[in-house]
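Predicted model only: the values in this text are computed from it and were never measured.
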Amino acid sequence: FINAKSDISPEDVHALVELGLEIFHASQNKFVVQIKWGGLLVRFLKKHAKRISLGVQWRPLYDTLIRTHFKRNMGPEGWKVRQQHFETVTSLVRASRSLFPEGAAAEIWSEFSPLLKNPWHNSAFEGIGFLRLFLPANSRNQDHFTTDWIAECLDIWGSVTNCNFWDIQWAAIVARCIKGSISVDWEKFIPLLFTRYLNMFEVPISSGSGSYPFPLNVPRNTRFLFSSKTRTPSKAIAKSICKTHIFVLKNIKFRFYHPSNGGRWTYSLERFLRYLVLYFERRLQHEQFEALDDKHNQFCLGKEERCGFVKVVLKLLDRGQYSKDDSLADTVSIATSILSYVEPSLVLPFVATNFQLALETTTATHQLKYAVTSVAFSGRALILSSLCSSQSDDSSTADTLNDLIVTSLSNALLGMDANDPPKTIATMQLIGSIFSNLATAGFSDDVPAFLQTSYLSEWLDEFFCRLFSVLQNLESSSPINEGYQSSIMSGTFLVEDSPYYFCMLEIVLGKLSKPLFNQSLKKIAKFVNANILPGATSEVGLLCCACVHSYPEETALYLVKPILMTIMSSFEGTPTTGYVGREVPSKIATKATLSPALETALDYYLRVLAIAISYAGPVLLNYRQEFKNIITSSFQAPSWKVNGAGDHLLRSLLGSLVSYYPIDQYKPFSCQLIANIIEPWGCSKAHQDREVEMLNFTPKWHDPSQDELSFANELLEFHFQSALEDLVSICQRKNHSETGQEKEHLKVTLLRIHSALQGVMSCLPEMRPSYKDGKSKVVEPIIFIAGSAGSTVGNSEMREKAAELVHVACRYLLKERTDDSILLALVVRVIDALVNYGSLEYEEWSSHFQAWKLESASIIEPPCNFIIPFHSQGKKRPRWALVDKAHLHNTWRSSQSSYHRYRTNADVSPSSLMVNLMNDLLDLSLHNYETVR
């Protein structure tokens with residue numbers, strides 16, 4: 001029910017909520033049961049509460065809270081479970097508050113208002129806490145909220161002064177009433193509310209500290225039980241302002257947003273600005289899409305009100321954009337983006353002016369950084385406004401906005417500096433933002449000047465010159481670790497601090513016309529083939545990867561093939577260990593080493609190639625023998641560092657051959673473009689034809705061919721199955737006369753096995769479970785692609801055979817090498833890859849979550865768009881992060897498949913092979929816990 005994408009019957013929703021509440025209330029003093037069911041109900045009500053007409057009684061929830069947390073001593077469950085239970089119950093109250101029946105508000109007020117009569121008693125604080133938690137403001141209880149009642153509440157609020165807890169509780173209650181009560185005349189309360197809100201920010205006056213001089217303390221237990229989720233009342237104040245439109249606030253606190261007036265109060269001001277804009281956007285969205293009757297229409301905002309609000313907020317943005325507090329500056333950029341769709345005539349000139357001023361004061365790098373970020377967040381609004389102005393014969397505005405785009409693209413390149421990470425990242429965000437909105441680049445000259453081939457050709461030359469300069473001057477910010485455990489990333493700010501570097505490269509190269517791409521590819525190939533940059537290994541690899549993803553065939557000739565030839569020539573004449581294959585290595589060969597320069601060069605090129613071919617797919621078949629020879633040479637090299645690079649290459653090669661991944665992500669849509677310039681995002685209800693056309697334009701996926709799967713199976717045969725036989729042979733026959741040789745041979749062999757498993761991940765079928773009846777051993781086949789990481793290679797027997805042989809190796813390691821941390825770490829990783837079917841994909845894709853959050857601001861068009869004559873429910877570019885989010889959910893389902901099979905089927909249990917490996921892990925941990933844990 002929670003994860004359903006299709007519509008669910010309201011009757012089913014009603015039945016499930018009733019059942020959940022019945023189980024919850026019947027499970028008194030059973031903390032775990034109430035935590036589980038309460039959590040499910042909270043998630044369910046957040047999604048479906050508006051669709052049901054169920055009445056939820058508040059009294060049983062209140063009784064549960066009192067009985068468990070106010071009258072009950074600490075039980076054996078411990079404070080952690082107790083705290084989780086309290087959070088679950090209070091969350092359930094908040095989620096079900098909109099379903100409280102008629103008369104509930106009056107009952108709750110009569111229950112707790114007597115506690116407020118004596119404001120100097122601690123019971124008053126409990127009373128206001130309960131009142132804020134339970135008091136509903138839904139449509140069923142609107143009769144309770146009258147002007148006289150609001151006046152009484154404000155009088156009680158004023159009876160306690162200098163108490164932050166008291167103010168926050170009352171501010172939240174008033175904000176809730178303002179949101180839900182349309183019959184109250186709020187104009188008469190504005191002066192009093194203004195005074196209260198102004199006092200609650202606690203900003204300094206003259207030389208004062210800004211804190212209450214004689215604050216009233218609240219009992220610790222009360223403060224803990226009724227703690228606010230925010231440390232300041234900013235959210236409640238912002239909600240009140242946006243619902244009542246109190247413009248008397250337009251003259252307050254502007255000076256405290258200035259960089260020179262920062263302090264501990266900056267956090268509350270930043271939260272206030274963020275919520276002010278978000279609630280304003282939410283109100284506009286509600287007015288545009290909700291079916292409002294005549295009673296509500298009188299409260300809708302018109303053009304004049306929107307302009308007035310934006311003018312007020314722009315004063316805050318003007319002072320806050322250069323703040324030394326990063327959170328405030330980031331909030332300014334986000335607010336600018338949202339408001340640029342509401343009143344572009346006011347916001348975009350503000351963005352342009354600030355950007356020009358920042359260019360004139362380039363010594364203040366933080367000014368340029370946030371000015372560039374503001375342009376990046378407003379990129380789509382900027383291009384849409386330019387287009388609409390030109391179509392409405394407003395040539396001066398269109399020229400001004402076009403000039404801003406040209407100036408941004410040209411002058412922003414000056415911000416690409418390896419010694420100034422924030423400015424460089426902001427520049428890349430800007431370039432990615434502008435190009436992601438363009439349908440094509442360089443395909444036609446019937447477009448504005450900045451999109452014509454001649455301008456883009458010159459701009460690309462300058463762009464790559466700047467980019468190459470940055471890459472040549474990068475230095476890794478993390479310590480260099482050699483070998484298998486070293487990170488595949490070089491540790492520079494381009495890949496550690498943000499996702500914008502690779503996104504920008506993919507978008508820019510994917511949007512270019514074929515001639516412009518070929519021009520860029522030649523410059524990139526010349527740079528990559530002429531430089532060895534160990535400090536920028538992953539950055540160069542991602543640059544090559546973006547080229548491969550855009551045009552695989554052309555890139556293979558200019559980049560992949562030359563790198564292959566370079567690696568092959570570098571391996572010629574080098575010593576080998578003989579650890580790959582059946583030949584017993586000689587004593588002399590294993591003592592030979594590679595020179596430091598050659599070792600560094602091989603490690604660099606192997607890792608660059610590994611990253612570059614991540615999305616190469618069928619193109620790799622043209623270099624089948626070259627890849628096999630290079631990978632074998634990498635594992636044969638007498639260098640653990642080169643062995644690790646070979647591991648990276650084998651994993652990447654297998655993944656590229658067998659995995660599903662989207663291709664042609666940034667090619668133009670086949671549907672009608674907006675004036676041949678702007679790529680349409682999502683769809684709108686006013687344009688149903690375009691909606692249907694775009695939804696039918698499904699992403700293209702890499703579907704592995706039989707030749708690709710044949711190549712993958714060949715690699716598995718040599719580096720997985722043969723390596724497993726080598727592993728057992730080492731452990732049973734003891735082919736080495738020296739302990740050091742045996743250790744190195746074991747390391748390389750385990751590395752090959754783990755590399756193969758990581759490359760194919762869940763494409764190698766899982767081990768078959770054991771059935772109690774002993775009859776059936778057939779695992780149900782996967783019918784749908786959804787949930788699969790790629791096409792199937794190998795079979796379950798291969799994974800089971802591996803489990804048997806690894807178990808033999810574990811027995812040997814437990815007997816002979818319990819003190820060798822590297823070998824133990826490798827064997828633990830092999831067991832993890834064998835047993836935890838699907839977990840490798842989940843770990844990989846879940847690591848991208850933060851990157852998607854950062855990208856989302858650039859790929860979502862707000863639902864309230866007053867630039868164009870229609871609104872939408874929030875447009876998105878369909879093929880950037882959205883495909884990857886769906887893939888994350890599918891791989892998570894894969895990782896859970898084995899677990900659920902054993903949990904839900906009493907006749908099925910894990911195989912004995914799996915149990916043996918888990919026992920091996922326990923035995924290993926007993927001997928060397930610090931390594932194995």
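The backbone N or O of F350 lies less than 3.5 Å from a partner atom in the side chain of N354, making a donor-acceptor pair. A donor-acceptor pair is defined here as one N or O able to donate and one able to accept, closer than 3.5 Å; such a pair exists between the side chain of T424 and the backbone of D420. With R196 contributing its side chain and L192 its backbone, the two residues share no donor-acceptor pair below 3.5 Å. Listed for the S457 side chain is no donor-acceptor partner under 3.5 Å among the backbone atoms of S454. No donor-acceptor pair closer than 3.5 Å links the side chain of S469 to the backbone N or O of C465. For T331 (side chain) and S327 (main-chain N/O), a donor-acceptor pair under 3.5 Å exists by modelled atom type. No side-chain donor-acceptor contact under 3.5 Å links S337 to the backbone of S333.
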Give the intermediate values and the outcome of side chain to side chain contact (heavy atoms under 4.5 Å, CB included) for residues E281 and L278. CA-CA 5 Å; E281 178 192 27; L278 291 179; 4.1 Å; yes
Between R380 and Y341, does the side chain to side chain contact (heavy atoms under 4.5 Å, CB included) criterion hold? Intermediate values first, please. CA-CA 9 Å; R380 187 165 183 82; Y341 289 93; 3.2 Å; yes
I241 and Y279: side chain to side chain contact (heavy atoms under 4.5 Å, CB included), yes or no, with the steps? CA-CA 9 Å; I241 292 173; Y279 281 120; over 6 Å; no
Pair N473, N419 - check side chain to side chain contact (heavy atoms under 4.5 Å, CB included), show working. CA-CA 8 Å; N473 290 281; N419 297 316; 5.9 Å; no
Stepwise ring pair (Phe, Tyr, Trp, His ring centres under 6.0 Å) check, F189 with W157: CA-CA 13 Å; F189 301 116; W157 183 359; over 10 Å; no
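Atoms OG and CD, from S408 and Q356 in turn, are 9.5 Å apart once rounded to the nearest 0.5 Å. Rounded to the nearest 0.5 Å, atoms CG (L413) and CG (L467) are 10.0 Å apart. Within the model, atoms CG of L414 and CZ of R466 stand 5.0 Å from one another, a figure rounded to the nearest 0.5 Å. A distance of 9.5 Å separates CZ in F280 from CD in E305, rounded to the nearest 0.5 Å. A distance of 7.0 Å separates CD of E270 from CG of D325, quoted to the nearest 0.5 Å. To the nearest 0.5 Å, atoms CG (D330) and CZ (F377) are separated by 7.0 Å.
Side-chain contact between L357 and T353 is present, with at least one heavy-atom pair separated by less than 4.5 Å. Looking at L460 and K523, their side chains never come closer than 4.5 Å, going by heavy atoms from C-beta outward. Annotation: side chain of V342 is not in contact with side chain of F309 (no heavy-atom distance under 4.5 Å). Here the side chains of L430 and I434 are in contact, with some heavy-atom distance below 4.5 Å. A 4.5 Å side-chain heavy-atom check between Y267 and R271 finds at least one atom pair inside the cut-off. Proximity of L543 to F468: side-chain heavy atoms (C-beta onward) are separated by under 4.5 Å at one or more points. Side-chain contact between L494 and L542: absent, with no pair of heavy atoms (C-beta onward) separated by less than 4.5 Å. In this structure, L509 and L512 have side chains that are in contact, with non-hydrogen atoms separated by less than 4.5 Å.
The aromatic rings of W459 and F463 lie parallel to each other, their planes meeting at an angle below 30°, with 60° marking the opposite boundary.
In terms of heavy atoms, P344 sits closest to I867 at CG-CG1, 3.7 Å. The heavy-atom pair separating S410 from Y455 by the smallest distance is OG-OH, 2.9 Å. L471 approaches V540 most closely through the heavy-atom pair CD1-CG2, 4.4 Å. Minimum heavy-atom separation, N437 to G379: ND2-C, 4.1 Å. S240 and Y197 make their closest contact through OG-OH, 3.1 Å (heavy atoms, listed as atom of the first residue, atom of the second, distance). Residues R132 and R176 share a closest heavy-atom pair of O-NH2, 2.6 Å.
No side-chain donor-acceptor contact under 3.5 Å links S538 and Y501.
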